[in-house]
Engineer: 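A single structure is presented below for examination.
The sequence lines fix the lettering, A, B, ..., with proteins before strands; numbering per chain opens at 1.
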Amino acid sequence: MTLDELVEAARSLAREGRDLIARASSGDELATARTTLVGRKSGRLTELMKALPALAPDARREAGAAVNRAKEALEAALDAREAELRHTAPAEPRLDLTMPARRTWRGAVHPVTRVIDEIRDIFRELGFTVAVGPEAETEWYNFGALNFPVDHPAMDMHDTLYLSDDTLLRTHTSPVQVRTLQSYPPPVRVIVPGNVYRRDFFDPSHAPMFSQIEGLAVDEGIGFVDLKATLVNFANRFFGRRPTRFRPSYFPFTEPSAELDVQCGVCGGSGCPTCKQTGWVEILGSGMVHPAVLEACGVDSERYTGWAFGMGPARVALSRWGIPDIRLLYDSDVRFLEQLAQ
Amino acid sequence: MNASYAWLKTFVDFDLEPNALRDLLTQRVVTVDEVLPLRPDLAPIVIGRVVECARHPDSDHLSVTKVDAGTGELLDVVCGAPNVRAGKFYPFAPVGTTMPGGMRIERRKIRGAVSAGMLCSARELGLGDEHEGIMELDIEATPGTRFLDVYPVGDTRLVLDVSPSRPDLLSHLGVAREIAAALGKDIRPLIWTGAHDFLGAPSPEQESMTRRLLDELPTAIAGERFDATAIAEAVTTVVGDESGVAASLIDAVRSMPDRPRHKGVTEGNTGNVRVVLEDAEGAPRYCGVVIRGVKIAPSPQWLVDRITSVGGRPINNVVDATNFMLHGFGQPMHAFDVDKLAGSSVIVRRARPGERLVTLDGVERTLNPSTTVIADAERAQALAGIMGGRDSEVTETTTDIFLEVANFDPRATRAARRALGLSTDASYRFERGVDIEWAPFWLSHAVALITSLAGGSAEEDVDLYPEPRTPAPLKLRVARIAQLLGAPITAQETLSLLRAIGFVVEWVPGTEMLHGDQELHVIPPSWRLDIGHEVDLIEEVARLHGYDAFSSELRPFRIGTVPDAPIELVASRLRSVLANAGLYEVRPMPFVSGGEGYVRVRNPLAENEAFLRRAVMESLARRAEHNLSHMQGNIRLFEIGNVFSPSGGRLPHEEVRVGALIMGARRPPHFTEPKPPAFDEWDAKAIAEVIGETAFRGRSFTLVPGEGDTLWEAQLDGRRVGDVTRVRLDAPVWASPAFGIEVALETVASADVAAPGRAAYGREDAARGPAPVTPFRSLPVTPAAEFDLALLVPNDMPAAKVEEVIRRNAGELLERLALFDEFRGAGLPTGMRSVAWRLTFRHPERTLRDKEVSGRREKLLRALEEELGVRQRTA
């Protein structure tokens, strides 16, 4: 090709190119046009450039400038059209938005803790504060002050892990009642969550350590009706508005003693395996604080009266989530913990 | 305690179905755990009446019958029994019944004749061995009636959860007393209760006379206002002389109020047997009687039914009679073979050192000298209140028995039972307490029963009760009832509620008219060993009034004086922070294999878990291994729990700690990052810092580099409170490294608060001030100037040291100093690394000039060079 031919070819390429670019109506078509016109390997501009070395040096400079002008013009047109298309064309989906999110690890407080927290929050609203105490206790705090008769079958219900002749792992949270009443004058309204120990072998329904939560209210003018009202109020909030009933029971540290049942949530009271055909499920033990306990704590039992209750959050957790074996609560299996965190 | 529904009905006449009885008992008396129909397999069996009966045409022993089973049509039934007769009633199993033996009744052809059901023999129903013919029922019943409704094998067992405080409920009599009181009915006079099984039902006249006796007895025991002779004569009149019961009863009644006769007497005879009570502490009352000429035989069916209805095993008439007395009236008894008692002696004494006894269960036991035994002239023959000896056991050849009806001390029985590891129906009752006053009455009752079952005649009985008890009356203030229950219960109602269950209740003279200050004198019946205080009576009143009858409306209350326990608030915050950081809370057991320096459990469940953990990490590490064994390698656990260590004092040193263990992937896998990195030291350090910030707000919590597996020591105000460690686990090769964080939150106060019976008030009160806060600083209005310093730092020089020099020399306009890069390796001098910090400067009022910034940079580089020999890294 001569210089003139080459310059003309560059001009006509620029002209044709502008038409082609203007006709491109999508990003794909524009990309094709770009390849055809200025593509590095076999674009038409590249073809022109291949002809440059054959020219004489002066002619080559002139032709080169012409080709460059064409190239700039084409690229400017391509870019302009691309910007145009991007504005007018609908956004093409780049991400498959059905793919999963980038999460962080999920964690959770223990199911038993969640039950304890719910119970605690309800009693907080009813004016209770939280008290705690040691798990290693003296026999006096665990039994003596709580009116347990020495060497009596009542002790069989508290099979005890002893640390020495007169120290032990507390069998219930009630020693904290004694410590609290010795430390603060009435009125006292506390709830006490904590771990307790029994000499029970691990099996599907027993564990040597388990959690308990109990409550204590002591003041002038407190009676059995207050125990009943508070616990029924609690049960209605915690279990929903299911019928409740109180029945006689025995605890050395309360008199009268009562256990509270709610109607079985599985069968609605008609009897099923969950409630052993009775239609009722036991939820807590309670009673008026025995005067001997008040006296052991230095509280005048003629002036002050009180009531107390205790319940097992682990049992609640088992029934709430339908967990068949109490050991799952203590095994710390991450598959279990993850499942219940959902 | 197993109670038989049918047996209870012999004591009190009630109409409640078993489930209704369960509800009544549970709400007023004792929780019924289970209601067990004893023969539910017989429920489908109905009464069938054979209407027609003919020989089977193709058989010489089969009959073809038409049976009316109440279905409205006559059923064709083929029967092989020789005794089938038209017009008679038989138990009938309709098609579809599964028989007690497991066979299912189908409609089928027997030698060409259709048979739709089966007429049953006693053996087929599991009611005995009789199978020679079908069971002809001597009753008139509508065909189709449930067999169980008319034939008394369908007893129901109620399983009672009797508390240790109510041993009086460990008998049918005791439960029946409560049923009667609850229903406002009278209990049948005791002479007939249960006994009408063997004496037949009493006449109305007999009932009324003996009821008077019953009414008088509690009062008689309580006081001395009882005319025994008059009652005895009345009983003789109505019961008649022929009955052995009358004579025995009269004796018993006579003996009851006659305390002076007993006082101090510890020896007596019954027939030729000499009874000596040496150990009146172990056996406060000891009654016995010799019955001669008994014939040991199997018990009649009614007694077998009673024994099996409570889960017992029938043995023979005499033994079954004693068990009948135990379950029926709560009085354990034991029968000895008199011929086996050396020297015709019964001596109640303590065991001799090393003394041995082979008990009824065939076990030879070496006795503890504190154990009470029943001995003959030579050796121990029974463990008092627990079990008899094999040598003096009643056997088929026994003709003369010594029947023991005693009262053994609860604590002594309990001690012996525990020492021997042997619990029986008898020891269970003696341990809880058996009514001491009624022993002679039950003795006469048992004599009547045994002689009616096994024949023979009773000698004069012996009753040793050297220290007769007199119950102390309790005072019951009507105002105190209202105070404790929060609702008034009238004196009149109190009186009638308590009297209904056998309490003797009288007005305290002069208080009747004192409205609101009325007082009652109450004497508990001798079987209520749990009643010792006024409050015990109030429980009875509340229970009998009905717990459900009290209001459940909330009343105003006063706010308490007790502040929330600080540890509880800290623990709550930590739980939510750590859960949000992706960790799972766990609650593992605190038992470890331990050793020296650990607190030991004296009676552990397992020797390899006999100690209490010193650190939460001991539990978390085992839990991590548990997860690894289930192929779970992503483990993020935390716990807030107590740890124990020996203190030198009475109780261990106890701390509340938070512990966390992390291993495995730092975040969940995501398609943008095929394999997430594993947790490392810096993640552990972050958790430790978060714990410190959460638990110790406003205090100085620092992490100081440690040695070996201790990466950092956590210090609070300069005192060590925990650490961050590499945790060594028994882990598979694929497991990532594990890191642990453990920080002590609080030492548990376990010293006695005050002496027993005392209080020690005066701690800080509920109103504590707000937590310390960092005040707000104005947001910047001027631009910051930043530059980076990349320094060559010797590998063994802590970055913190460099930072200290930078902070000290940067001047007060340094707003932020952030380490953002570390590089080791190629291109750096040996033993050196490159560490880079970004420094941010800001003047609160104006823009910093470039010259000011570069001046600071040069000053810093000079100081670093001079103080530490640290230079800038040149690219």
Engineer: Which one of B:F591, B:F557, B:Y428, B:F550 has the most heavy-atom pairs closer than 4.5 Å to chain A?
Structural biologist: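 Greatest number of close heavy-atom pairs with chain A: B:F557.
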
Engineer: Would you check if the distance from the ring center of B:Y547 to the ring center of A:F224 is below 6.0 Å?
Structural biologist: yes

Engineer: Taking B:P410, B:P167, B:A542, B:P604 one by one, which has the highest count of heavy-atom pairs under 4.5 Å against chain A?
Structural biologist: B:P604

Engineer: Give, as side chain, backbone, both or neither, the part of B:V541 having an atom under 4.5 angstrom from any heavy atom of chain A.
Structural biologist: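 Neither part.
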
Engineer: Over all heavy atoms of both residues, which pair between B:L485 and A:P256 is shortest? Give the atoms and the distance, please.
Structural biologist: CD2-CG, 4.0 Å

Engineer: Under the criterion side-chain contact (heavy atoms from CB on, under 4.5 Å), I'd like the reasoning laid out for B:L605 against A:R199: C-alpha separation, chi angles, the key distance, then a yes or no.
Structural biologist: CA-CA 7 Å; B:L605 284 155; A:R199 199 171 181 284; 3.9 Å; yes

Engineer: Between A:E295 and chain B, with a heavy-atom cut-off of 4.5 Å, which part of the residue counts as in contact: side chain, backbone, both or neither?
Structural biologist: backbone

Engineer: Given heavy-atom pairs under 4.5 angstrom as the criterion, report whether the side chain, backbone, both or neither of A:F210 touches chain B.
Structural biologist: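 Interface part for A:F210: neither.
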
Engineer: To the nearest 0.5 Å, what is the distance between NE2 (B:H630) and CZ (A:R335)?
Structural biologist: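 The CZ atom of A:R335 is 5.0 Å from NE2 of B:H630, to the nearest 0.5 Å.
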
Engineer: Side chains of A:N195 and B:N642, heavy atoms from C-beta outward: is any pair under 4.5 Å?
Structural biologist: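 When only atoms from C-beta onward are counted, B:N642 and A:N195 do not touch, as no gap falls below 4.5 Å.
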
Engineer: Just so I know, are the side chains of A:P187 and B:T561 near enough to count as touching, which here means a heavy-atom distance under 4.5 Å?
Structural biologist: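 A side-chain contact exists here, since the closest heavy-atom pair is under 4.5 Å.
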
Engineer: Taking B:D548 for the side chain and A:R245 for the main chain, is one N or O donor matched with an acceptor at less than 3.5 Å?
Structural biologist: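 Not at all, since once roles are kept as given, no pair shorter than 3.5 Å links the two residues.
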
Engineer: Show the numbers, then the answer: is there a side-chain contact (heavy atoms from CB on, under 4.5 Å) between A:H152 and B:R432?
Structural biologist: CA-CA 8 Å; A:H152 185 266; B:R432 283 159 177 76; 5.9 Å; no

Engineer: What part of A:M209 lies closer than 4.5 angstrom to a heavy atom of chain B: side chain, backbone, both or neither?
Structural biologist: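 Both parts, backbone and side chain.
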
Engineer: Contact part of A:H290 toward chain B, heavy-atom cut-off under 4.5 Å: side chain, backbone, both or neither?
Structural biologist: side chain

Engineer: Heavy-atom pairs under 4.5 Å with chain A are the metric here; pick the option from B:R600, B:Q483, B:E553 that has the most.
Structural biologist: B:Q483

Engineer: Side chain, backbone, both or neither: which part of B:Y584 has a heavy atom under 4.5 Å from chain A?
Structural biologist: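 Both parts, backbone and side chain.
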
Engineer: For B:D752 and A:Y141, what are the C-alpha separation, side-chain angles and deciding distance, and is it a side-chain contact (heavy atoms from CB on, under 4.5 Å)?
Structural biologist: CA-CA 9 Å; B:D752 290 1; A:Y141 275 106; 3.4 Å; yes

Engineer: Given side chains that start at C-beta, do those of B:L578 and A:V109 come closer than 4.5 Å, heavy atoms only?
Structural biologist: no

Engineer: At a heavy-atom separation under 4.5 Å, does B:N634 approach chain A through its side chain, its backbone, both, or neither?
Structural biologist: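 Interface part for B:N634: both.
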
Engineer: Charged N to carboxylate O below 4.0 Å: is that the case for A:D151 and B:R414?
Structural biologist: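 Salt bridge: yes.
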
Engineer: Can you say whether A:L168 sits under 4.5 Å from chain B via the side chain, the backbone, both, or neither, judging by heavy atoms?
Structural biologist: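 For A:L168, no heavy atom lies under 4.5 Å from chain B.
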
Engineer: Using the test side chain to side chain donor-acceptor pair (under 3.5 Å), find all partners of A:D117 that sit at least two apart in sequence or belong to another chain.
Structural biologist: A:R120

Engineer: I'd like to check B:E539 versus A:S257 (side-chain heavy atoms, cut-off strictly below 4.5 Å). Are they in contact?
Structural biologist: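 B:E539 reaches A:S257 side chain to side chain.
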
Engineer: What part of B:V535 gets closer than 4.5 Å to chain A, counting heavy atoms only: side chain, backbone, both or neither?
Structural biologist: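 Looking at B:V535, backbone and side chain both touch chain A.
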
Engineer: Are A:D165 and B:R602 within salt-bridge range, i.e. N to O under 4.0 Å?
Structural biologist: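 Looking at B:R602 together with A:D165, the answer is yes, because their closest N to O distance falls below 4.0 Å.
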
Engineer: Non-hydrogen atoms of chain B under 4.5 Å away: do they reach the side chain of A:T138, the backbone, both or neither?
Structural biologist: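 Both parts, backbone and side chain.
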
Engineer: Please check this pair: side chain of B:Q632 against backbone of A:D333, looking for a donor-acceptor N/O pair closer than 3.5 Å.
Structural biologist: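 Not confirmed, B:Q632 side chain does not pair with A:D333 backbone.
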
Engineer: Looking at B:S552, B:P668, B:A759, which one has more heavy-atom pairs under 4.5 Å with chain A than the rest?
Structural biologist: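 Between B:S552, B:P668, B:A759, the count favours B:P668.
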
Engineer: Going by distance alone, is a donor N or O of one side chain under 3.5 Å from an acceptor N or O of the other, for A:T278 and B:R22?
Structural biologist: no

Engineer: Tell me, side chain or backbone of B:A610 under 4.5 Å from chain A's heavy atoms, or both, or neither?
Structural biologist: neither

Engineer: Is it the backbone or the side chain of A:P193 that comes under 4.5 Å from a heavy atom of chain B, or both, or neither?
Structural biologist: side chain

Engineer: For chain A, find which of B:D33, B:D23, B:N580, B:I635 contributes the most heavy-atom pairs closer than 4.5 angstrom.
Structural biologist: B:D33

Engineer: Which one, A:P185, A:A131, A:A296, leads in non-hydrogen pairs under 4.5 Å with chain B?
Structural biologist: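 Counting heavy-atom pairs under 4.5 Å, the top option is A:P185.
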
Engineer: Given side chains that start at C-beta, do those of B:V601 and A:L163 come closer than 4.5 Å, heavy atoms only?
Structural biologist: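 Yes, their side chains come closer than 4.5 Å.
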
Engineer: Could you tell me which portion of A:Y197 (side chain, backbone, both or neither) has an atom closer than 4.5 angstrom to a non-hydrogen atom of chain B?
Structural biologist: side chain

Engineer: So A:R124 and B:D564, do their side chains get closer than 4.5 Å, heavy atoms only?
Structural biologist: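 When only atoms from C-beta onward are counted, A:R124 and B:D564 do touch, with a gap below 4.5 Å.
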
Engineer: Considering only heavy atoms, which portion of A:I222 lies under 4.5 Å from any heavy atom of chain B: side chain, backbone, both, or neither?
Structural biologist: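 For A:I222, the contact with chain B is made by the backbone alone.
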
Engineer: Identify which part of A:A292 has an atom lying under 4.5 Å from any heavy atom of chain B, answering side chain, backbone, both or neither.
Structural biologist: neither

Engineer: Is there side-chain contact between A:V334 and B:L637, with heavy atoms separated by less than 4.5 Å?
Structural biologist: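 Yes, their side chains come closer than 4.5 Å.
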
Engineer: Just checking A:Y184 against B:Y761, ring centres under 6.0 Å apart?
Structural biologist: no

Engineer: Show your reasoning for whether side-chain contact (heavy atoms from CB on, under 4.5 Å) applies to B:R166 and A:Y250.
Structural biologist: CA-CA 9 Å; B:R166 292 294 305 271; A:Y250 166 72; over 6 Å; no

Engineer: Tell me, side chain or backbone of A:L216 under 4.5 Å from chain B's heavy atoms, or both, or neither?
Structural biologist: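 Neither; nothing under 4.5 Å.
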
Engineer: Does B:H670 use its side chain to pair, donor to acceptor, with the backbone of A:P100 at less than 3.5 Å?
Structural biologist: yes

Engineer: Whether A:D166 and B:R650 form a salt bridge (side-chain N of Lys/Arg under 4.0 Å from carboxylate O of Asp/Glu) is what I want to check.
Structural biologist: yes

Engineer: Among residues at least two apart in sequence or on other chains, which ones pass side-chain contact (heavy atoms from CB on, under 4.5 Å) with A:E302?
Structural biologist: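 side-chain contact (heavy atoms from CB on, under 4.5 Å) check on A:E302 returns A:D300, B:R477, B:R480.
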
Engineer: Does a donor on one side chain sit under 3.5 Å from an acceptor on the other, for A:S211 and B:R587?
Structural biologist: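 There is no such pair (donor and acceptor under 3.5 Å, judged by atom type) between the side chains of A:S211 and B:R587.
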
Engineer: Does any heavy atom of chain A fall under 4.5 Å from the side chain of B:D530, the backbone, both, or neither of them?
Structural biologist: neither

Engineer: In terms of heavy-atom proximity below 4.5 Å to chain A, should B:L620 be classed as side chain, backbone, both, or neither?
Structural biologist: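 No part of it gets close to chain A.
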
Engineer: Given heavy-atom pairs under 4.5 angstrom as the criterion, report whether the side chain, backbone, both or neither of B:A755 touches chain A.
Structural biologist: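 The backbone, not the side chain.
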
Engineer: Tell me, side chain or backbone of B:E654 under 4.5 Å from chain A's heavy atoms, or both, or neither?
Structural biologist: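 Looking at B:E654, just its side chain touches chain A.
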
Engineer: In terms of heavy-atom pairs under 4.5 Å with chain A, which of B:V748, B:L583, B:D161 leads?
Structural biologist: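 The option with the most such pairs is B:L583.
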
Engineer: Kindly compute the distance separating CG (B:L554) from CG (A:D226), expressed to the nearest 0.5 Å.
Structural biologist: 8.5 Å

Engineer: Does any heavy atom of chain B fall under 4.5 Å from the side chain of A:R303, the backbone, both, or neither of them?
Structural biologist: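 Answer is backbone: N, CA, C or O of A:R303 sit under 4.5 Å from chain B.
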
Engineer: State, with a plain yes or no, whether a side-chain heavy atom of B:I640 is found less than 4.5 Å away from one of A:T113.
Structural biologist: no

Engineer: Report which part of A:V218 has an atom under 4.5 Å of a heavy atom belonging to chain B: side chain, backbone, both, or neither.
Structural biologist: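 Contact with chain B: none, neither part.
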
Engineer: Please determine if B:R667 forms a cation-pi arrangement with A:W105, meaning its NZ or CZ atom is less than 6.0 Å from the six-membered ring centre and no more than 45° off the ring axis.
Structural biologist: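 Not flagged: B:R667 not positioned over aromatic ring of A:W105.
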
Engineer: Considering only heavy atoms, which portion of A:A341 lies under 4.5 Å from any heavy atom of chain B: side chain, backbone, both, or neither?
Structural biologist: side chain

